[in-house]
Number of protein chains: 2
Amino acid sequence: MITKRVPSETIGRLFRYFRSLSCLLREGEEIVSSKTLAEVCHIKPATVRKDLSYFGEFGTRGVGYDAASLVNKIKKIIKLDKQINVALVGIGNIGRALLKHSAFELEGFKIVMAFDNNPSKIGDTVGNVIIEDAANIRERIESSGIHLVILAVPDYATSKVAKVLQLAGAKSILSFSPCGLSMPADIQVTCIDLSVEMARLVYNSCVDYREKV
Amino acid sequence: MITKRVPSETIGRLFRYFRSLSCLLREGEEIVSSKTLAEVCHIKPATVRKDLSYFGEFGTRGVGYDAASLVNKIKKIIKLDKQINVALVGIGNIGRALLKHSAFELEGFKIVMAFDNNPSKIGDTVGNVIIEDAANIRERIESSGIHLVILAVPDYATSKVAKVLQLAGAKSILSFSPCGLSMPADIQVTCIDLSVEMARLVYNSCVDYREKV
DNA sequence: CCTACATTGTGATTGTGTTCACATTCACAT
DNA sequence: ATGTGAATGTGAACACAATCACAATGTAGG
């Protein structure tokens with residue numbers, strides 16, 4: 001087994017396949033072709049097949065894919081066959097929004113801990129979790145089986161919290177602050193930077209009178 | 001002037017340069033080199049130079065870039081020299097978080113309208129804007145100079161709202177729902193899909209024992 | 001069993017973005 | 001005015017991702 005490199009984009013799409021397949025299953029589809037799946041996801045059939053081919057041969061030529069078994073295979077591949085335990089740091093507006101966003105749980109992600117350093121918030125229950133004191137982050141995360149930490153604290157606090165998370169042995173961080181975190185290579189960091197996305201949109205909508213050559 | 005294609009990633013980085021430069025300026029730096037800027041942004045100097053080179057020659061060889069003038073040039077390029085007017089649809093948890101996130105304004109984005117269809121919310125003031133009836137989206141957006149619409153409504157409602165926005169002539173949409181929107185080519189759409197990002201992080205942190213060849 | 005047809009799986013190709021490496025240019029000291 | 005050092009700007013090379021196009025392989029029907 002040669003484990004050729006898998007494009008990182010492929011993983012993102014795999015999740016979207018997983019989501020679409022679950023939906024198709026619910027609607028009673030038993031067999032799906034790469035064409036169908038591609039249409040639902042707004043991409044090309046060849047991309048679907050290539051993506052899946054990195055992990056094996058899941059289809060039947062001339063027929064398509066068995067939806068139920070494919071969805072399970074994908075689940076395994078992207079490690080969503082087990083619940084993913086998430087810790088949330090920072091119960092501001094965004095943090096609260098995340099805690100109340102029940103859809104995550106349906107997709108395999110469960111926020112099992114939440115932290116804030118504001119005494120007036122500690123002890124409160126939001127969604128289904130009790131807000132704990134941020135001072136305990138390290139010991140709490142070290143012990144429990146947390147797969148992923150979401151960082152939703154003010155910009156100025158991110159790097160300090162990130163340091164603590166690193167010490168606590170966190171493996172992945174999803175942050176909502178502009179990505180100034182310089183983390184060691186063995187820790188995965190993704191930043192959601194809305195300003196960057198907005199700037200891109202604005203630029204494109206101004207310029208996309210593209211190359212009328 | 002040949003308008004060579006500019007990589008879309010470049011635009012995103014341009015915004016980060018803008019941000020970092022503003023910061024360096026505040027700290028009193030007057031001249032920055034591609035090296036400095038690259039360090040701050042955690043990328044390579046060559047990338048910085050290449051990115052800038054798509055738009056002209058802004059530096060002085062042997063010296064570097066004049067921070068103040070570069071920041072202005074970038075501002076113009078990414079159209080942030082004027083305020084960007086943003087409309088927000090959906091005042092749930094995320095919408096509220098965005099309205100209260102004052103940092104956007106510092107970066108040139110201003111949420112000037114907000115809509116919801118819940119009568120109990122209409123008329124309320126959140127942040128600095130009054131929540132309007134979603135029924136008026138079309139006429140309100142058609143008339144005013146909105147550059148960008150943020151869609152923060154429940155998944156099931158997105159495509160319906162998107163249709164309305166399209167009719168209203170919106171040019172760009174930033175959505176928080178998994179991206180099932182198929183929009184005509186002349187409208188820019190970006191989706192923030194946290195589940196996809198989380199899935200990617202989890203996958204990478206499991207697999208990144210990469211190719212120890 | 002053989003033919004017609006549908007759809008997969010994939011090597012080859014194209015396209016796009018990043019990085020290298022070096023010639024060019026400027027500031028400054030002598 | 002000339003040489004030295006520093007940093008830019010960029011064509012070329014590389015790396016990675018998307019797409020094509022077709023051989024391989026299945027089903028179904030006579």
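Just so we're on the same page: letters track the sequence lines, and every chain starts at 1.
Taking the side chain as every heavy atom from C-beta outward, Val112(A) and Val129(A) never approach each other to under 4.5 Å. Arg13(B) has its side chain out of reach of Phe15(B): every pair of non-hydrogen atoms, C-beta onward, lies at least 4.5 Å apart.
Nucleotide dT25(D) is matched to dA6(C) when pairs are restricted to Watson-Crick or G-U wobble geometry with both distances under 3.5 angstrom.
Put simply, NZ on Lys73(A) is 15 Å from P on dT8(C), counting in whole angstrom units. We find that CZ of Phe55(A) is positioned 18 Å from P of dT8(C), with the value rounded to whole Å. When rounded to the nearest whole Å, the span between CD1 of Ile31(B) and P of dT8(D) equals 11 Å. Between Phe58(B) atom CZ and dT8(D) atom C1' the separation is 13 Å, expressed in whole Å. The separation between Ile43(B) atom CD1 and dT19(C) atom C1' is 12 Å, rounded to whole Å. The separation between Arg61(A) atom CZ and dA28(D) atom P is 17 Å, rounded to whole Å. Atom CG in Asp51(B) sits about 14 Å away from atom P in dC20(C), given to the nearest Å. When rounded to the nearest whole Å, the span between OH of Tyr54(B) and P of dT8(D) equals 17 Å.
Mapping Val63(A) and Lys44(A) onto DNA chain D via the closest heavy atom, the residue that lands nearer the 5' end is Lys44(A). Comparing Lys50(B) and Val32(B) by the nucleotide of DNA chain D whose heavy atom lies nearest to each, the residue mapping closer to the 5' end is Val32(B).
At the phosphate of dG15(C), neither OP1 nor OP2 sits under 4.0 Å from any side-chain N or O atom of Arg5(B). In terms of phosphate contacts, Thr47(A) brings no side-chain nitrogen or oxygen within less than 4.0 Å of OP1 or OP2 of dA18(D). Between Ser34(B) and dT8(D), a side-chain N or O to OP1/OP2 separation shorter than 4.0 Å is present.
Using a 4.0 Å heavy-atom cutoff across all strands shown, Ser8(B) reaches sugar-phosphate atoms only and no base atom.
Atom CD of Glu29(B) is surrounded by more than 12 heavy atoms from other residues, nucleotides or ligands within 6.0 Å.
Picking from dT10(D), dA18(D), dG9(C) the nucleotide with the shortest atom distance to the side chain of Glu9(A) gives dA18(D). Considering only side-chain atoms of Glu57(B), the nucleotide from dG9(D), dT8(C), dT18(C) that sits closest is dG9(D). For Ala46(B), taking side-chain heavy atoms from C-beta onward, the closest of the listed nucleotides dA21(C), dA17(D), dC26(C) is dA21(C). Looking at the side chain of Tyr65(A), the nearest of the listed nucleotides dT8(C), dG9(D), dC26(C) is dT8(C).
Here Phe109(A) pairs with nothing under the ring-ring contact (aromatic ring centres under 6.0 Å, His included) rule; sequence neighbours left out.
Comment: Arg19(B) engages Asp193(A) in a salt bridge, judged by a side-chain N to carboxylate O separation of less than 4.0 angstrom.
Side-chain atoms of Arg49(B) and base atoms of dT8(D) include no donor and acceptor less than 3.5 Å apart.
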